[in-house]
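These notes are about the structure you will find just below.
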Number of protein chains: 2
Amino acid sequence: MEGSAPRRTRIQQEKRELILEAALEVFSANGFRGSTIDQIAEAAGMSKPNLLYYFRRKEDIHETLMQRLLDTWLAPLRELDDIGDPMTELRSYIRRKLEMARDFPRESRLFANEILQGAPRIMPMLEGELKTLVDEKAAVIKGWMRAGKIARTDPWHLIFAIWATTQHYADFDVQVRAVLGADRGGDGRFEDAARFLEQLFLDGLKPKG
Amino acid sequence: MEGSAPRRTRIQQEKRELILEAALEVFSANGFRGSTIDQIAEAAGMSKPNLLYYFRRKEDIHETLMQRLLDTWLAPLRELDDIGDPMTELRSYIRRKLEMARDFPRESRLFANEILQGAPRIMPMLEGELKTLVDEKAAVIKGWMRAGKIARTDPWHLIFAIWATTQHYADFDVQVRAVLGADRGGDGRFEDAARFLEQLFLDGLKPKG
DNA sequence: CTAACGTTTGTCCAACCGGTCAAAATTTTG
DNA sequence: CAAAATTTTGACCGGTTGGACAAACGTTAG
């Protein structure tokens, strides 16, 4: 665990934010090893040694970024609640995840990059915190199934499918836009996606008489 | 376009294959910039200058790999056929894609890496060959919908959803295994996934009376 | 055998990269 | 203001990387 939180001046707080913002841009576009400190420093409008004054190692930036990411990234799933109508809960979960793909594509790509490379830096978190959370929510979904509120299926793979389909619009954005073309690949694509996903998941999950 | 295909000796053919196999392993695990020629050479069991005798630049290896990949990668979609029962066609498309995620995860990750970085080397192909193919198949699916064989929905986003959900099991494999845990994360996970995806897509697409 | 051709390797290089350091510039504090 | 603390920078360093190259080695055809 960490010691007491380091005391920070106003400038330190501001500059650290600036660096993290720049690093998110660079890391999400080039991956960890594909990014250089110089790139991040330039994107943050400062010199390399200056940047290294705020973060002593390249890895520290990545680590800080990743820690922050995970909290916000799993927030939608955390909100999936036992109380409330199952269909409504699932619909808003899907919608929230898709909104995150639309509004925070860099965060999504940063995460995808990390997982693609074998999740070397967040493996413990995947097997710990994440697994616990998913198991917990899978139990909630199982409860809904037992109660006949939604069709029976595998809750874990259902969650994977929601992750995959929504994050696809952030991670594979260039491909999506290329395939849809100029006319359909514009801003409306997220609304089309929302409509499609809602139909796919909710019709597919509707209880059978 | 390329000039006439270069004449190659038996050794050249064998060694080039060896290098491409090694490069697939390394590139898919570390990305292009994260991989070094030395790593690839070592994985191929030869010295770096020797490797550079067969491929003059690191990029040439990646390019060759990518060209080959795309052909096999799109084969399942190409097979999606107008003749034959729509539900059966879609079911076997989904199954084939999932089998590719299981049997060729490295290829999937190589592709994902490329797209994540903005597809700098295959953009023309996405906007050309790929878009044409998808538009063509989307038309086929639209035909099925008009004929009342499957429920009406957006064919392009349907294809995206199939890509996303199946490739997820290759690209996010570590996460899937971490979340499923030791017991359910074994070899059986692909069968569970197949069963789930079939239910998700085919029930969701079943025509409504 | 030997000349020609194909293959392999050791050595080298320039560019790049992560990170250090001391000194200079700036801001904060008394 | 002046001292102290913080912030910024230029110069530098050791290690790595992509790639060049010539010399050595192996193979094959005449």
Side-chain angles (χ1 to χ4, degrees), chain A residues 3-66 110 113-114 117 120-121, chain B residues 3-66 110 113-114 117 120-121:
Chain A
S4 57
R7 204 169 282 276
R8 298 223 168 88
T9 68
R10 176 186 52 88
I11 293 187
Q12 271 171 352
Q13 281 192 9
E14 287 173 6
K15 291 294 168 88
R16 281 174 66 95
E17 287 309 314
L18 201 68
I19 291 168
L20 289 172
E21 159 64 25
L24 174 59
E25 187 74 26
V26 175
F27 279 144
S28 68
N30 307 108
F32 181 76
R33 293 212 45 192
S35 305
T36 71
I37 299 184
D38 276 303
Q39 284 176 332
I40 301 172
E42 198 195 333
M46 64 180 72
S47 66
K48 180 171 67 170
N50 196 186
L51 182 150
L52 285 167
Y53 169 71
Y54 293 104
F55 291 90
R56 301 172 75 145
R57 294 181 310 146
K58 182 184 174 187
E59 258 201 303
D60 291 349
I61 310 176
H62 192 265
E63 201 182 308
T64 306
L65 221 41
M66 205 58 84
L110 182 68
N113 253 309
E114 177 69 11
Q117 320 278 313
R121 301 163 223 277
Chain B
S4 57
R7 203 169 282 276
R8 300 222 167 91
T9 68
R10 177 185 52 87
I11 291 186
Q12 271 170 353
Q13 282 190 10
E14 288 173 6
K15 292 294 170 84
R16 281 175 64 96
E17 287 308 316
L18 201 68
I19 291 167
L20 289 171
E21 158 65 24
L24 174 59
E25 187 73 25
V26 176
F27 280 145
S28 68
N30 307 107
F32 181 76
R33 293 212 47 192
S35 306
T36 72
I37 300 184
D38 276 303
Q39 284 176 332
I40 301 172
E42 197 195 333
M46 64 179 73
S47 66
K48 180 171 68 170
N50 196 186
L51 182 150
L52 285 167
Y53 169 71
Y54 293 103
F55 291 89
R56 300 172 74 157
R57 295 179 310 145
K58 182 185 175 185
E59 256 201 302
D60 290 349
I61 311 176
H62 191 265
E63 201 182 309
T64 306
L65 221 42
M66 206 56 86
L110 182 67
N113 252 308
E114 177 69 11
Q117 321 278 310
R121 301 162 223 276

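Numbers restart at 1 for each chain; the letters A, B, ... are given by sequence-line order, proteins then strands. Basis for what follows: all heavy atoms, side chains included, without hydrogens, waters or symmetry-related copies.
Among D/dT8, C/dG19, C/dT8, the nucleotide with an atom closest to any side-chain atom of A/Arg57 is C/dG19. Candidate nucleotides D/dT8, C/dT20, D/dG19 were compared by shortest atom distance to the side chain of A/Leu52, and C/dT20 ranks first.
Among residues at least two apart or in separate chains, side-chain hydrogen bond (donor to acceptor under 3.5 Å, both in side chains) pairs with a member in residues 17-28 of chain B are B/Glu17-B/Arg68, B/Glu21-B/Arg106, B/Glu25-B/Arg106. Applying the ring pair (Phe, Tyr, Trp, His ring centres under 6.0 Å) rule to pairs touching residues 33-56 of chain B yields nothing, sequence neighbours excluded.
Distances shown here put a side-chain N or O of A/Ser47 below 4.0 Å from the OP1 or OP2 atom of D/dT9. Close to C/dT7, at under 4.0 Å from its OP1 or OP2, lies no side-chain N or O of B/Asn50. Within the 4.0 Å cut-off from OP1 or OP2 of C/dT7, at least one side-chain nitrogen or oxygen of B/Tyr53 is found. Phosphate contact (OP1/OP2 of C/dT7, side-chain N/O of B/Gln12, threshold under 4.0 Å): present. Applying the 4.0 Å criterion to OP1 and OP2 of C/dT8, one finds that B/Tyr54 has a side-chain N or O inside that range.
Protein atom CG of B/Leu51 is 13 Å distant from nucleotide atom P of D/dA20, rounded to whole Å. For B/Glu14 and C/dG6, the CD to P distance is 16 Å, given to the nearest whole Å. Regarding A/Glu42, its CD atom lies at a distance of 15 Å from the C1' atom of C/dC16, rounded to whole Å. When rounded to the nearest whole Å, the span between CD1 of B/Ile37 and C1' of D/dG18 equals 5 Å. If you take NZ of A/Lys58 and P of C/dG18, they are 4 Å apart, rounded to a whole angstrom. A straight line from CG of B/Asp38 to C1' of C/dC12 spans 14 Å, rounded to a whole angstrom.
The two atoms that bring A/Ser35 and A/Val26 nearest to each other are OG-O, 3.3 Å, heavy atoms only.
Rotation axes derived from the C1' atoms of the five outermost pairs at either end of the helix from C/dC1-D/dG30 to C/dG30-D/dC1 lie 0° apart, to the nearest 10°.
From B/Ile37, atom CD1 reaches atom CG of B/Leu52 across 4.5 Å, with rounding to the nearest 0.5 Å. Put simply, CD1 on A/Ile61 and CZ on A/Arg56 are 13.5 Å apart, with the number rounded to the nearest 0.5 Å.
When the nearest nucleotides of DNA chain D are assigned to A/Gly45 and B/Gln39 by heavy-atom distance, the more 5′-ward of the two goes with A/Gly45.
Take A/Gln39 and apply the side chain to side chain donor-acceptor pair (under 3.5 Å) test, not counting sequence neighbours, and it matches no residue. For B/Gln13, there are no side chain to side chain donor-acceptor pair (under 3.5 Å) partners, not counting sequence neighbours. Checked against side-chain contact (heavy atoms from CB on, under 4.5 Å), A/Arg57 has the following partners two or more places apart in sequence or in another chain: A/Glu59, A/Asp60. A search for side-chain contact (heavy atoms from CB on, under 4.5 Å) contacts involving B/Ala29 returns nothing, not counting sequence neighbours. The salt bridge (charged side-chain N to carboxylate O under 4.0 Å, His left out) test applied to A/Lys48 returns A/Asp38, not counting sequence neighbours. Residues satisfying the side-chain contact (heavy atoms from CB on, under 4.5 Å) criterion with A/Ala22, sequence neighbours excluded, are A/Ile40, A/Ala43, A/Ala44.
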(request) Report the C-alpha separation of A/Arg121 and A/Glu63 in whole Å, then their side-chain angles, then the decisive distance to 0.1 Å, and conclude whether the salt bridge (Lys or Arg N to Asp or Glu O under 4.0 Å) test is met. (result) CA-CA 8 Å; A/Arg121 301 163 223 277; A/Glu63 201 182 308; over 6 Å; no
Under 3.5 Å between N/O atoms: give me all the protein pairs with nucleotides 11-15 of chain D, atom names plus distance.
none

Please enumerate all protein N or O atoms sitting under 3.5 Å from an N or O of nucleotides 23-29 of chain C, with distances to 0.1 Å.
residue, atom, partner, partner atom, Å
C/dT28, OP1, A/Arg10, NH2, 2.9

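Shown for residues 16-31 of chain A: no residue has heavy atoms falling under 4.0 angstrom of DNA chain D.
Evaluated for a side chain to side chain contact (heavy atoms under 4.5 Å, CB included) with A/Phe32, the options A/Met66, A/His62, A/Gln117, A/Glu114 yield exactly one hit, A/His62.
Residues A/Met46 and A/Ile19 form a side-chain contact, since some pair of their non-hydrogen atoms from C-beta on lies under 4.5 Å apart.
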